[in-house]
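Working notes, structure below.
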There are 2 protein chains.
Amino acid sequence: MTDPELRPGVRMADLPLGVRPCSLAAALDVLGERWSLLALREIGYGVRRFARIAGYTGASRDILADRLRKLEAAGVIERRLYSEHPPRHEYHLTEAGRELFPVMLALSQWGDRWAVDSPALVRRHSCGEPVQVDLVCHHCGRPVTHDTVHAELADA
Amino acid sequence: MTDPELRPGVRMADLPLGVRPCSLAAALDVLGERWSLLALREIGYGVRRFARIAGYTGASRDILADRLRKLEAAGVIERRLYSEHPPRHEYHLTEAGRELFPVMLALSQWGDRWAVDSPALVRRHSCGEPVQVDLVCHHCGRPVTHDTVHAELADA
DNA sequence: GGAGTAAGTTGGAAAACACAACACACTGAA
DNA sequence: TTCAGTGTGTTGTGTTTTCCAACTTACTCC
């Protein structure tokens, strides 16, 4: 991930300048605006209604309405009509939304460690212990770390 | 993580309204502004100089200067003076910054799958296969998923 | 000297955001 | 049957961020 070799001898940090084609940036285009991830957290918690999402996140109603519309357009959430006249929706995660679980978990754990004094919430695994996640490779089962990952340009 | 039980019978979605004390929100206070994560990606790639970070991310120089200052104040990066008169710095990740690896990786992989047509970059594990990360519990070694994690309020 | 490089800072226009008030259709109580 | 209350947004009005280009400062190299 960091300082990876692209071709033998070519490093990310040495490529010619220019905005990188990058799925991190693409993900942030969808998720990176203020309130978006917090709204997704709430919907993931099972909060379905607009006013409650606003209440739990602290987002103002106009901005929240905008974010929910964009997240729906991006296919991360689904709005289910439960009343016509006036139109009223419930919000649910799509598969893309549910697959944000690792992102949310990674961010939360980083926050626990580096951004708060003491966590207000303990996430516990089904084994009974507080969750502490290891990343392992799906193929070989060994740890995935900073220096066991390197990037390659995909061929055209 | 989602719709978890806090105490037997108490669900996140049923708690009284009010902004949640939450380490996800705390993490986003540090990392959530536009350009911050992209700048960290570059610094993680080994890009050390201001102008190159700006060039690879597309951030404008004034905003980037602001973000780098905030990230330093938050302890995620370190600026090393390599010239006085005029003051010039190199940017490096601190330990807190290096521990963002899982966050970046999770976001990138989500973006690969849901936010781009075809990834421009392939991240390969040392075993030779494209990285596909599994989350496993550090304690019991079993998978960590949406429904094997539940949250509890930390006791005061 | 003079050109080039590096890392910001500044100023003004454009966009995003926050907050309060409003609109609308319903629901239940007086 | 009126009338307050609820849920879900939208609108209007300022404030704050962001963007972009130009400027500044102090080197280094020719």
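Per chain, numbering begins at 1; letters A, B, ... match sequence-line order.
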Would you mind telling me which of [options] lies closest to the side-chain atoms of [X]?
X	options	value
A:Arg67	C:dA6, C:dC17, C:dG8	C:dC17
B:Ser60	D:dC19, C:dA7, C:dC17	D:dC19
B:Arg79	C:dA18, C:dG8, D:dG9	C:dG8
A:Ala51	D:dC19, C:dC17, D:dT8	D:dT8
A:Tyr91	D:dG9, C:dA18, C:dA7	D:dG9
A:Ala65	C:dA6, D:dT10, D:dT8	D:dT10
A:Arg69	D:dT10, D:dT18, C:dA7	D:dT10

A:His89 side-chain N/O to D:dG9 phosphate OP1/OP2 under 4.0 Å: yes
Under 3.5 Å donor-acceptor, A:His125 side chain and B:Pro143 backbone: yes
Matching residue for A:Glu90 among A:Arg48, A:Arg49, A:Arg52 - test: salt bridge (charged side-chain N to carboxylate O under 4.0 Å, His left out): A:Arg49
All pairs passing side-chain hydrogen bond (donor to acceptor under 3.5 Å, both in side chains) where residues 58-68 of chain A contributes a residue, at least two apart: A:Ser60-A:Asp62, A:Asp66-A:Lys70
Connected via hydrophobic side-chain network under 4.5 Å: B:Met104 and A:Leu15: yes
Presence of donor-acceptor pair under 3.5 Å, side chain of B:Asp62 and base of D:dC20: yes
Touch class at under 4.0 angstrom, heavy-atom based, for B:Arg52 against every strand present: nothing
Distance, rounded to the nearest Å, where A:Arg61 contributes CZ and C:dC17 contributes C1': 16 Å
